[in-house]
Novice: 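One structure follows; several queries about it will come next.
To find a chain, count down the sequence lines: A is the first, B the second, and so on, and within it residues start at 1.
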Amino acid sequence: MCRSYRIPGLVVAAMAILISQSFPLQAAEVTRGAMLGTSCAGCHGTDGRSPGSIPSISGKSAEFLEQILKGFRSGEIPSTVMGRHIKGYTDEEIRLIAEYFASM
Amino acid sequence: MSKLSRRGFIRLAGTAGALSAMGALAWPLGGCQKKAKAGGRVIVVGGGFGGATCAKYIRKFDPAVEVTLIERDARFVTCPFSNLFLVGGRSFESISHGYDKLGDNYGINVIRGAVTDIDAAAKKLTLKGSKTMQYDRLVVSPGIDFRWDAIEGYDEAACETVPHAWKGGPQTRTLRKQLEAMQDGGVVIIVPPGNPFRCPPGPYERASLIAHYLTQNKPKSKVLILDAKDKFSKQGLFMQGWEKRYPGMIEWVKASAGGKIDRIDMAKRTLYAEFGEAHTGDVVNLIPPQKAGELAHKAGLVNADGWCPVNQRTFESSVHKDVYVIGDASIAGQMPKSGYAANSQGKVCAAAIVSSLSGTAMPDPSYVNTCYSLVAPDYGISVAAVYNVTEEGIRKVKGSGGLSPMDASDEFRKKEADYASGWYASITADMFS
């Protein structure tokens with residue numbers, strides 16, 4: 001029953017995009033940014049949307065978040081607990097966290 | 001999370017494969033296309049801080065995975081903020097959470113039931129009533145149980161009159177009723193266990209908030225802590241707070257000074273130490289030594305100490321393949337047994353399971369713990385840390401974390417008390433909605 005058809009490359013690429021959008025994820029790969037970012041959600045809420053007194057960080061620009069986080073780390077921006085947390089992350093990790101929440 | 005943003009962070013490994021396979025420009029059409037098998041079946045047993053979080057994040061990371069959450073109770077009553085309930089600062093309703101949204105929002109199949117047996121070799125578990133279920137991966141998040149043989153005279157029946165109140169639920173109400181019924185001038189005795197145990201600063205927050213209640217309602221009363229340890233979590237901060245807010249009201253007796261209790265006379269509510277004097281309380285809150293939750297024992301997931309050894313990168317059991325143990329029951333390196341720790345482990349475990357089912361690489365784990373305690377409703381203190389995995393297991397990242405500063409301003413303490421409430425709102429939403 002099976003027959004192969006030869007199809008131009010562009011059509012194949014278009015089909016691949018369609019397939020990737022219409023089918024659920026077939027093999028999800030969790031990124032390092034998601035690994036780091038989801039660990040913040042215990043305080044800042046799922047996807048950075050906080051229902052209470054802790055600031056929401058969802059959808060803020062990556063540059064802004066990176067700047068704030070580095071400010072907490074240097075002590076330039078005063079904080080209660082963030083200064084203690086952020087000392088646990090490298091510049092690269094801070095960038096990934098900032099990008100993660102910027103994309104939410 | 002929007003579709004677009006998810007694509008940014010959860011890459012479609014399948015797409016790359018599909019594209020390269022089609023590089024030959026051969027595309028099978030018609031009925032020959034085989035739909036990839038769904039992402040696999042995961043069962044999570046226990047819907048607390050670890051289990052509820054893990055179930056939700058598996059579905060967030062990969063909606064193709066089928067997730068069933070099995071929980072004994074209709075609603076989960078949290079230990080965090082139960083100390084505020086004890087003294088009238090919160091309603092019982094506000095510390096109770098249902099599972100409906102996990103079904104509605106994430107498509108998790110929530111089953112109310114008790115697991116009686118796990119057959120790890122056959123990847124099968126049995127529910128009370130003998131229904132069996134198959135899994136590809138199993139997550140066990142059973143919390144703690146008590147060592148009823150540790151203190152002479154204290155057993156499961158005894159906790160009805162001398163509550164532990166160390167699991168949220170009816171015990172929490174029992175202790176509150178006793179505090180309310182106590183006469184002014186009474187003595188409340190709290191007996192914290194030795195390490196390791198659930199929520200290391202919890203007994204001292206409890207002492208603080210009870211003192212707050214007594215100061216306002218029964219000011220001639222006392223709180224006596226008879227401790228099985230010589231030091232405790234956030235000790236300096238607690239003691240400074242006690243001195244400031246409740247001078248002379250809270251007395252702490254360390255183990256080596258006669259605080260370690262090994263017997264109770266239930267009829268008199270009298271506690272006997274290994275050495276030193278006996279103490280009688282009007283209200284006694286005895287928190288017994290602990291072990292991993294009963295199911296972990298039944299399933300043979302524990303070591304000789306009664307806790308569950310795991311691969312600290314993935315939380316897969318060191319005993320049974322494809323079975324994962326998270327939360328208080330697990331041995332998690334330097335992480336404490338806290339709700340935040342269990343929440344954080346639930347996410348790493350979710351990532352590990354999704355990666356193993358889809359055959360993709362798991363990113364290096366990163367863990368966080370943030371733990372607030374209330375010295376008074378407007379006086380918060382915290383301890384925090386970031387953890388990663390080294391050859392020795394989960395270790396605190398050097399230079400990260402630590403305690404709130406000593407001698408901080410009232411404003412700083414108030415802010416941390418507000419953040420404690422904010423934390424509660426966020427983490428319970430992160431688990432249940």
Novice: Provide the closest heavy-atom pair for A:G88 versus B:V397 in the form atom of the first, atom of the second, distance.
Specialist: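 The answer is O-CG1, 3.4 Å.
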Novice: Tell me, do A:R84 and B:V386 make a side-chain contact under 4.5 Å, heavy atoms counted?
Specialist: no
Novice: Nearest heavy-atom pair of A:I54 and B:G422: which atoms, and what distance?
Specialist: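 Shortest heavy-atom separation between A:I54 and B:G422 comes out as CD1-C, 3.7 Å.
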Novice: Looking at chain A, which one of B:S404, B:A408, B:G399 has the largest number of heavy-atom pairs inside 4.5 Å, strictly under?
Specialist: B:S404
Novice: Out of curiosity, A:C43 SG to B:Y419 OH, how far, rounded to the nearest 0.5 Å?
Specialist: 10.5 Å
Novice: How close do A:G42 and B:N343 get, counting heavy atoms only, and between which atoms?
Specialist: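 The pair with the smallest heavy-atom distance is CA-OD1, 4.1 Å.
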Novice: Where on B:M431 is there a heavy atom nearer than 4.5 Å to chain A: the side chain, the backbone, both, or neither?
Specialist: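 No part of it gets close to chain A.
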Novice: For B:D364, which atoms come within 4.5 Å of any heavy atom of chain A: side chain, backbone, both, or neither?
Specialist: both
Novice: Is chain B contacted by the side chain of A:S79, its backbone, both, or neither, given a heavy-atom distance below 4.5 Å?
Specialist: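 For A:S79, backbone heavy atoms alone lie under 4.5 Å from chain B.
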Novice: Determine whether the side chains of A:H85 and B:T370 contain a donor N or O and an acceptor N or O closer than 3.5 Å.
Specialist: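 Looking only at side-chain atoms, B:T370 and A:H85 do form a donor-acceptor pair, the distance falling under 3.5 Å.
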Novice: For the CD atom on B:E411, are there more than 12 heavy atoms of other groups (residues, nucleotides or ligands in this structure) within a distance under 6.0 Å?
Specialist: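 No, the 6.0 Å shell around CD holds no more than 12 heavy atoms from other groups.
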Novice: Contact part of B:K396 toward chain A, heavy-atom cut-off under 4.5 Å: side chain, backbone, both or neither?
Specialist: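 Neither the backbone nor the side chain of B:K396 comes within 4.5 Å of chain A.
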Novice: Knowing that exactly one of B:N105, B:D430, B:T53 qualifies, which makes a side-chain hydrogen bond (donor to acceptor under 3.5 Å, both in side chains) with A:T46?
Specialist: B:D430
Novice: Heavy-atom distances under 4.5 Å only: say whether B:Y424 touches chain A with side chain, backbone, both or neither.
Specialist: neither
Novice: Looking only at non-hydrogen atoms, find the nearest pair between A:A41 and B:K347 and report the distance.
Specialist: CB-NZ, 3.6 Å
Novice: If you count heavy-atom pairs under 4.5 Å with chain A, which of B:Y340, B:Y57, B:W423 comes out on top?
Specialist: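 Sorted descending by pairs with chain A, the first entry is B:Y340.
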Novice: Roughly how far apart are A:T38 OG1 and B:K56 NZ, rounded to 0.5 Å?
Specialist: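 These two atoms lie 11.0 Å from each other.
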Novice: Do you know which two heavy atoms are closest between B:A351 and A:M35, and how far apart they sit?
Specialist: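 Nearest heavy atoms, B:A351 then A:M35: CB-CE, 3.8 Å.
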Novice: So for atom CD, which belongs to A:E76, do other residues, nucleotides or ligands contribute more than 12 heavy atoms lying within a distance under 6.0 Å?
Specialist: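 Open: at most 12 neighbouring heavy atoms sit under 6.0 Å from CD of A:E76.
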Novice: Tell me, do B:P363 and A:V30 make a side-chain contact under 4.5 Å, heavy atoms counted?
Specialist: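 Yes - at least one pair of side-chain heavy atoms lies under 4.5 Å apart.
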Novice: With a 4.5 angstrom heavy-atom cut-off, which part of B:Y372 approaches chain A: side chain, backbone, both or neither?
Specialist: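 Answer is side chain: those atoms of B:Y372 sit under 4.5 Å from chain A.
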Novice: In terms of heavy-atom pairs under 4.5 Å with chain A, which of B:M362, B:E416, B:K398 leads?
Specialist: B:E416
Novice: Mind listing the closest non-hydrogen atom pair of A:R32 and B:S366 along with its distance?
Specialist: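 Nearest pair, atom of A:R32 first, then B:S366: NH1-CB, 4.0 Å.
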Novice: Does B:K415 have more than 12 heavy atoms from other residues, nucleotides or ligands lying within 6.0 Å of its NZ?
Specialist: no
Novice: Donor-acceptor check, side chain of A:S53 to backbone of B:D418, threshold 3.5 angstrom: yes or no?
Specialist: yes
Novice: Check whether B:A350 gets within reach of chain A through its side chain, its backbone, both or neither, counting any heavy atom under 4.5 Å.
Specialist: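 Looking at B:A350, nothing touches chain A.
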Novice: So, taking the atom named OG in B:S358 and the one named CD in A:E29, what distance separates them when rounded to the nearest 0.5 Å?
Specialist: 7.5 Å
